[in-house]
Structure formats: structure tokens, C-alpha cells
Number of protein chains: 2
Amino acid sequence: MKIATELLKGVLEGIVLQRIGTGETYGYEITQYLNDHGFEDVVEGTVYTILMRLEKQQLVAIEKKKSDRGPARKFYQLNAAGEERRAQFWQQWAYVSTQMTQLKEKTHD
Amino acid sequence: MKIATELLKGVLEGIVLQRIGTGETYGYEITQYLNDHGFEDVVEGTVYTILMRLEKQQLVAIEKKKSDRGPARKFYQLNAAGEERRAQFWQQWAYVSTQMTQLKEKTHD
DNA sequence: TAAACTACTTTGTATTACTATATAGCAGTA
DNA sequence: TACTGCTATATAGTAATACAAAGTAGTTTA
């Protein structure tokens, strides 16, 4: 399904945090995962800019490892600040999600 | 609750479409409604820019009416294109919402 | 050697919410 | 009259983010 770019803002960063948080991973793999799980149109450039943003904000630890199939991979892990950010994201998501559900059901008062 | 600005992008337009779609309303009232229903920090300027965007995209019909309590109000209604956009929005929201739920529950494969 | 796949990087653009400010009508009151 | 508060709309400037597009490089395979 084609999703409006604007609806993904903020959301994609949350997804990337979640992916990194549940196990060390790298940009190319995250992109593949998204493309295979409901976000077909997300391209590498988008994921890499998010990863670099997380790095700049010091939410991740990075380790470079050789690959058996191509160039070296940059593996990401969440540090304590990153874990906190991930938790925050899901809290906000849950909140917005709840409000939206109520809003949808409601007509004017 | 304080929500990251980026998480609201796309969402707010959907909410405004929904409000207009369930009954003629105007900017100030929409802002009040949002402030009273989980989006405390949304200010008038934000709502008005959304309304003008909808107007520019020809998704709404507008009627100016005198108020008994202040300056005239600009009432908005969805036209056919606006209704379609509203339906689209909720489809996309449902889709993203579903994917997010699955993503949250999942660790690495 | 060339193509295909893996993997990361960067530059520029469009969109959108927010900040801040301005304008204005009306009611009550000091 | 002047002031305050509430109602109501408008807009210029800014920051954040996803995307398009292009490039760089290593590995594998035909």
C-alpha cells in the first residue's frame, strides 16, 4: 500500500529504534526488513539518514564488521539513551493511536 | 502528554479532515476541540495552515457566517474530493497502525 | 571482464508543524 | 474612554524529516 510520506514522519525513526533495540543490525538489513514488512517504498537513503541522525544524537553504539558477501557492515546497538528514546516513542505512539481511535468514532458533540 | 512534532505530521491533517467531515466547522473550534481531546499543544496557526492547504487543494467548500461572539467564522465542509481524501487517510492510518503493532511485538527473525 | 548483488554515503528538494506576530470584532468594566 | 479578555483569522520565517538521485566500493558469478 502506498503511504503518504508525511504519515511516516517520526514513525520510521521509531521503527528503526525498535529494530536496533531488539538485536544488533545494520542499515541494509533494516531497509530489506521494512520493504518486506509493509513499507515497500522506503529506500536506503532514508534509512541511512535516520541511522546517522541516531548516531549524531548519541543514541547508538556502532561496530564495523566484515561481511562474507560484500563491503563491511556497520552494526548498530542502542545505548541507554537509545533505549529510553525507544520507550518514549512507543508511549507517544500508543497515546496518539488511542486518541485517533476515539476521534474516528466520534462525530460532533 | 507531550508529543514529538514529527509524529503529528500527516496525522493532524487527517484529524482536521475527520472533524470537517463529521459536520461543518471552523478553525477556531477545531483548535479548541484538539486542545480538549489529547492534543493540548496544537495552536491556531497550525490549524489554519492546514485549512488553507485543504482549500488550495480544493477538498473543501467554504461559507462565511457571522458570529454572535466575535469576528465572522469561515465554515468548512468536505466536498467529494475531500471525502475521498478522508477515506484514504483512514485506510493509510489503519495500515500503518497494523504494521506498527506487528513490528512492536516482533524481535529479529 | 562485466553484471548483479551487497552496503554505505551525500546533496538537494518538498512537505509540514510550530513560533511569533498581526489584525480585528465584541462584551464587560473600571 | 480605555482596558482587558475572549473570539476568530492570517502569515512570514524556521526546523525537522522522508525522499529522489547519484555516487563509491567490495564480493560473487557468469
Side-chain angles (χ1 to χ4, degrees), chain A residues 2-17 20 24-36 39-57 59-60 62-76 85 89 92 96, chain B residues 2-17 20 24-36 39-57 59-60 62-76 85 89 92 96:
Chain A
K2 179 66 190 163
I3 303 295
T5 287
E6 298 306 323
L7 205 48
L8 294 180
K9 292 200 173 170
V11 171
L12 284 181
E13 183 175 306
I15 296 177
V16 170
L17 284 167
I20 299 176
E24 194 181 58
T25 185
Y26 55 98
Y28 190 79
E29 191 181 53
I30 294 171
T31 307
Q32 303 278 41
Y33 180 84
L34 286 172
N35 293 161
D36 292 342
F39 300 97
E40 298 90 12
D41 297 328
V42 175
V43 295
E44 292 168 353
T46 299
V47 172
Y48 286 112
T49 52
I50 292 171
L51 288 172
M52 299 212 245
R53 204 157 70 223
L54 298 180
E55 182 181 358
K56 191 178 285 180
Q57 293 174 8
L59 304 174
V60 289
I62 301 180
E63 201 182 343
K64 209 160 193 172
K65 292 184 187 174
K66 279 182 186 156
S67 163
D68 52 335
R69 317 191 34 107
R73 298 164 175 163
K74 277 176 72 177
F75 282 85
Y76 292 79
R85 176 69 70 84
F89 169 78
Q92 292 186 26
V96 170
Chain B
K2 181 66 189 163
I3 303 295
T5 286
E6 298 307 322
L7 206 47
L8 294 180
K9 292 202 174 169
V11 171
L12 283 182
E13 183 176 304
I15 296 176
V16 170
L17 284 167
I20 299 175
E24 192 180 59
T25 186
Y26 55 98
Y28 190 78
E29 192 181 52
I30 294 171
T31 308
Q32 303 278 43
Y33 180 84
L34 286 173
N35 293 159
D36 291 342
F39 300 96
E40 297 91 10
D41 297 329
V42 175
V43 295
E44 293 164 353
T46 299
V47 172
Y48 287 113
T49 52
I50 292 172
L51 288 172
M52 299 212 242
R53 206 157 69 223
L54 298 180
E55 183 182 358
K56 191 178 286 179
Q57 293 173 10
L59 303 175
V60 289
I62 302 180
E63 200 183 343
K64 210 160 190 172
K65 293 184 188 174
K66 279 183 185 156
S67 164
D68 53 335
R69 318 191 31 114
R73 297 164 176 163
K74 276 176 74 177
F75 282 85
Y76 292 80
R85 177 69 70 86
F89 169 77
Q92 292 185 26
V96 171

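Side chains are part of it too, since the values below use all heavy atoms of this structure and drop only hydrogens, waters and symmetry mates.
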For atom OH of Y33(A) and atom P of dA7(C), their distance in whole Å: 18 Å
Select base, sugar-phosphate, or nothing to describe what L51(A) touches, counting heavy atoms under 4.0 Å on all strands. nothing
Could you check which of dC18(C), dA18(D), dT16(C) has an atom nearest any side-chain atom of E13(B)? dT16(C)
Strictly below 4.0 Å: does Y26(B) bring a side-chain N or O up to OP1 or OP2 of dT9(D)? no
Pick the closest DNA chain C nucleotide for E6(A) and for K2(B) by heavy atoms, then say which residue is nearer the 5' end. E6(A)
Using whole Å, report how far NZ of K9(B) lies from C1' of dC18(C). 9 Å
Return whichever of G45(A) or S67(A) has its heavy-atom-nearest nucleotide of DNA chain D closer to the 5' end. G45(A)
In this structure, how many angstroms lie between the C1' atom of dA17(C) and the CG atom of N35(B), rounded? 14 Å
Closest heavy-atom pair, A4(B) versus Q92(A), reported as atoms and distance to 0.1 Å, is N-OE1, 2.8 Å
Between E13(B), E6(B), K9(B), which is the residue that forms a side chain to side chain contact (heavy atoms under 4.5 Å, CB included) with E6(A)? K9(B)
Just by distance, with hydrogens left out, do Q32(B) and Y28(B) show a side-chain donor and acceptor under 3.5 Å apart? yes
Within less than 4.0 Å of OP1 or OP2 of dG25(C), is there a side-chain N or O belonging to R73(B)? no
Does K66(A) make a side-chain N or O approach to OP1 or OP2 of dG26(D) shorter than 4.0 Å? no
Is I50(B) touching bases, backbone alone, or none of the nucleic acid, heavy atoms closer than 4.0 Å? sugar-phosphate
Point-to-point distance, once rounded to the nearest 0.5 Å, from CD of E44(B) to CG of L51(B): 11.5 Å
So, is R69(A) near the phosphate of dG26(D), with a side-chain N or O under 4.0 Å from OP1 or OP2? no
Of the options dA10(D), dC18(C), dT9(C), whose atoms approach the side-chain atoms of K74(A) most closely? dT9(C)
How long is the gap from CD on E29(A) to CG on L34(A), to the nearest 0.5 Å? 11.0 Å
D41(A) has an atom CG; how far is it from atom P of dC19(D), in whole Å? 8 Å
L8(A), nearest nucleotide to its side chain (from dT7(D), dA10(D), dA18(D)): dA18(D)
In whole angstrom, give the distance that lies between atom CD1 of I30(B) and atom P of dA17(C). 13 Å
Within this structure, what is the OH-to-P distance between Y48(B) and dG13(D), rounded to whole angstrom? 21 Å
If you define the side chain from C-beta out and look only at heavy atoms, does anything of T31(A) sit under 4.5 Å from V43(A)? no
Looking only at side-chain atoms of P71(B), point me to the closest of dC8(C), dG25(C), dC19(D). dG25(C)
Does dC19(D) have OP1 or OP2 sitting under 4.0 Å from an N or O in the side chain of T46(A)? yes
Gap between atoms CD1 and C1', on I62(B) and dT9(D) respectively (whole Å): 12 Å
Testing dC18(C), dC19(D), dC8(C) for proximity to the side chain of E44(A), the answer is dC8(C)
In this structure, how many angstroms lie between the C1' atom of dT6(C) and the NZ atom of K64(A), rounded? 14 Å
Nearest to the side chain of Y76(A), heavy atoms from C-beta on, is which of dT11(D), dT9(C), dC19(D)? dT9(C)
Hey, does the side chain of Y28(A) come within less than 4.0 Å of dT6(C)'s phosphate (OP1/OP2), counting only N and O? yes
